[in-house]
Amino acid sequence: MVLSAFDVVVIGAGPGGYVAAIRASQRGLKVAIVDKNVNPGGTCLNFGCIPSKCLLDASQKYWQAQHHFKEIGIDASEIRLNLSQMMIHKETVIAELTRGIAHLFKKNGIHFIHGSAKLLSAHDIEITATDGNVRKLCAKAIIIAAGATPHALPHLPFDGKEIFSSTEALSFEKVPKHLVIVGGGYIGLEMGSVWLRLGALVTVIEFGDTILTQADDDVRAVLQHSLEKQGMVFKTNRNVVGMTKKGKDKELCLQVLDTKAKEGELPELVTCDAVLVATGRKPETGALGLEALGISIDERGFIKVNHQYQTTIPSVFAIGDCIKGPMLAHKAMDEGVAVAELLAGQAGTVNYDLIPAVVFTHPEIATVGSTEKDLMARGCDYKVGKFPFSANGRAKTIGDTTGFVKILTDAKTDCVLGCAIVGAEAGILISQVTAIMEFGGAAEDIARTCHAHPTLNEAIKEAALNAFDHAIHS
Ligand SMILES: Cc1cc2nc3c(=O)[nH]c(=O)nc-3n(C[C@H](O)[C@H](O)[C@H](O)COP(=O)(O)OP(=O)(O)OC[C@H]3O[C@@H](n4cnc5c(N)ncnc54)[C@H](O)[C@@H]3O)c2cc1C
């Protein structure tokens, strides 16, 4: 048992934790970071953002080769899927990026410790290695960045054979014949897109009225229509109420009931060979010993913090997916920087009004700031400037004209209040609007900025023009 003393010990080496560790070290603090996973990077690098985007990109290329190459003069009739190579490519990318984080730890003099951490007191942490070896660390401050794990449904428990979480759906060894996805949020739609493009029949079962409940209707409708055209089937207002096995092959059979069903109405039977439960993620705090120390947790399991990320114990801080707010890697990273700067005596902050969110389907959806339904609900006096990609030259050249840019502005001041982009590369395009909003800019600021031609960004300029004056090309 070794007792080591640090200024900061970070629990969890995901985007929140590793960024906090690096920034704290850059600010001159002595830092250790602990993760129960042997590779740093957390969910994002190992089981989330990076592997899913690897598969989305590879599967999109496969889809394009099959469906679009011919019309632009490329004969790709011999295209075949090599799923194991696609998975090797994904694992290689993960390995390179996690090695990169390990290198950054070394470069910044951060001690990376593999093991499961538990808080013993306001300053003491016990770390149990996989071989059972226990060591203790002592720190002036502890940052919990323990993340979240997939949420299981009681009647559809993950079994790794037929009922899967997103983690397993990133590594299927063969393409399912019929993949049912329970939950129409971004993770379900992204993973559904991957397996649909690779040849699966994909059905999304959503409890609510719509998929992507937070998006504006016009934005969501473009995506849903596109996914339906690609072959994805949607069953909204439906609940999976049970599961049985059918026939001599013991085929999986889900009982799917209309949420507005009258009493006695029988559920629809949906047969499939794989189910992905993508109904959300829950904070991963059970093993940390928080309750014994009196650290408050809210009713949904999130660690309660004040505006400086301090828990109910002043020397213990929490950031990322284990506290409230959007469960996104960039939100966790920005909180990592903020908490480290606060610990170093600086003024770390995060602007929670301007956290972009991207759905990496095809088309992509990217949003920042307020949605139109937010503004309506708040009774704001706003203007809408919209511009379709079908009128954008660059979108035509790449054969990707689905969608539009929608900019929402204050009707009196012209200040940009929000933006939604549905279309190709929306995730990249949204940064321009986010930056303008961060500086309190107006639609006219965007519209009078010279945009390179021909680019997709010109659709943002035209939407801004439409918000305060008139677009040129529509
Ligand atoms: C399929 C999928 C796709 C996603 N795609 C995107 C995307 O495109 N963009 C985006 O912004 N976000 C995406 N996310 C969400 C993103 O991965 C998370 O928001 C992000 O990883 C949260 O970072 P974090 O540091 O808070 O936690 P995590 O990344 O979850 O890291 C927490 C770490 O803490 C460790 N840990 C937990 N408990 C202990 C303990 N007791 N002792 C030691 N270690 C512990 C865990 O092993 C883990 O490594 C996706 C998630 C999934 C599942």
Side-chain angles (χ1 to χ4, degrees), residues 181-190 192-193 196 202-239 258-260 278-280 326 328 353-392 395 400-411 416-427 429-430 433-434 437 443 456 459-460 462-464 466-467 471 474:
I181 297 176
V182 184
Y186 84 91
I187 291 180
L189 298 181
E190 288 185 0
S193 294
L196 178 86
V202 173
T203 303
V204 176
I205 297 177
E206 165 58 47
F207 187 85
D209 286 352
T210 64
I211 56 166
L212 297 176
T213 42
Q214 282 166 6
D216 279 336
D217 285 347
D218 53 350
V219 174
R220 179 193 44 73
V222 170
L223 177 62
Q224 183 162 344
H225 180 67
S226 275
L227 291 175
E228 280 167 349
K229 262 176 57 185
Q230 291 164 44
M232 202 177 278
V233 175
F234 292 95
K235 291 177 185 286
T236 51
N237 289 310
R238 295 287 188 285
N239 191 12
D258 192 324
T259 51
K260 293 165 189 149
T279 51
L328 292 169
D353 292 332
L354 290 184
I355 295 178
V358 183
V359 185
F360 291 88
T361 42
H362 193 84
E364 292 182 356
I365 289 182
T367 52
V368 68
S370 298
T371 59
E372 201 172 347
K373 55 184 175 190
D374 285 341
L375 297 177
M376 273 194 265
R378 296 206 303 264
C380 298
D381 191 8
Y382 66 93
K383 278 193 187 172
V384 183
K386 242 177 163 177
F387 188 81
F389 282 109
S390 56
N392 172 271
D400 220 336
T401 53
T402 306
F404 56 80
V405 176
K406 175 163 89 167
I407 291 185
L408 302 161
T409 59
D410 185 299
V416 181
L417 302 175
C419 177
I421 304 175
V422 54
E425 309 290 1
L429 298 177
I430 200 71
V433 185
T434 310
M437 290 178 73
L456 295 171
I460 296 177
E462 297 271 10
N466 255 337
S474 73

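Here the structure is a predicted model, which is why all the values come from computation and not from measurement. As a basis for the values below, the full set of heavy atoms in this structure was taken, side chains included, without hydrogen atoms, waters or symmetry mates.
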(request) Without swapping roles, check the side chain of E462 against the backbone of F387 for a donor-acceptor pair under 3.5 Å. (result)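 Flag not set: sc E462 to bb F387 has no pair under 3.5 Å.
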(message) Has D216 got a side-chain atom pairing as donor or acceptor with T371's backbone, closer than 3.5 angstrom?
(response)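 Checked: no pair found.
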Given side chains that start at C-beta, do those of [X] and [Y] come closer than 4.5 Å, heavy atoms only?
X	Y	result
K386	V405	no
N237	K260	yes
I430	C419	yes
T210	F234	no

(request) Among residues two or more places apart or on two chains, list those pairs meeting salt bridge (charged side-chain N to carboxylate O under 4.0 Å, His left out) that have a residue in residues 224-233. (result)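 Output for this query is empty, none listed.
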Tell me the closest heavy-atom pair linking [X] and [Y], and the distance in Å.
X	Y	result
G403	V222	CA-CG1, 4.0 Å
V202	I181	CG1-CD1, 3.8 Å
L227	S193	CD2-OG, 3.8 Å
P363	T402	CG-CG2, 4.1 Å
L328	Y186	CD2-OH, 4.2 Å
V182	T279	O-CG2, 3.6 Å

Does [X] have any side chain to side chain contact (heavy atoms under 4.5 Å, CB included) partners at least two apart in sequence or in another chain, and if so, which?
X	value
I365	L212, V219, L223, V359, T367, V422
T401	S390, A395, K396
A411	D381, K383

(message) R238 and side-chain contact (heavy atoms from CB on, under 4.5 Å): which single residue from V204, T203, D258 fits?
(response)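 Going through the options one by one, the only one that passes is D258.
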(request) Among D410, L408, T409, find the residue that satisfies the side-chain contact (heavy atoms from CB on, under 4.5 Å) test when tested with L375. (result)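 Filter result, single survivor: L408.
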Taking salt bridge (charged side-chain N to carboxylate O under 4.0 Å, His left out) as the test, write out the residues that go with [X], two or more places apart.
X	result
D374	none
E372	K406
D400	none
E190	K53

Can you tell me how far the [atom1] atom of [X] sits from the [atom2] atom of [Y], to the nearest 0.5 Å?
X	Y	atom1	atom2	value
L189	T361	CG	OG1	6.5 Å
L417	I407	CG	CD1	11.0 Å
T236	I211	OG1	CD1	9.0 Å
H225	M232	NE2	CE	14.5 Å

Tell me every residue that passes side-chain hydrogen bond (donor to acceptor under 3.5 Å, both in side chains) with [X], counting only those two or more places apart in sequence or in another chain.
X	result
T434	none
S370	R378
E206	none

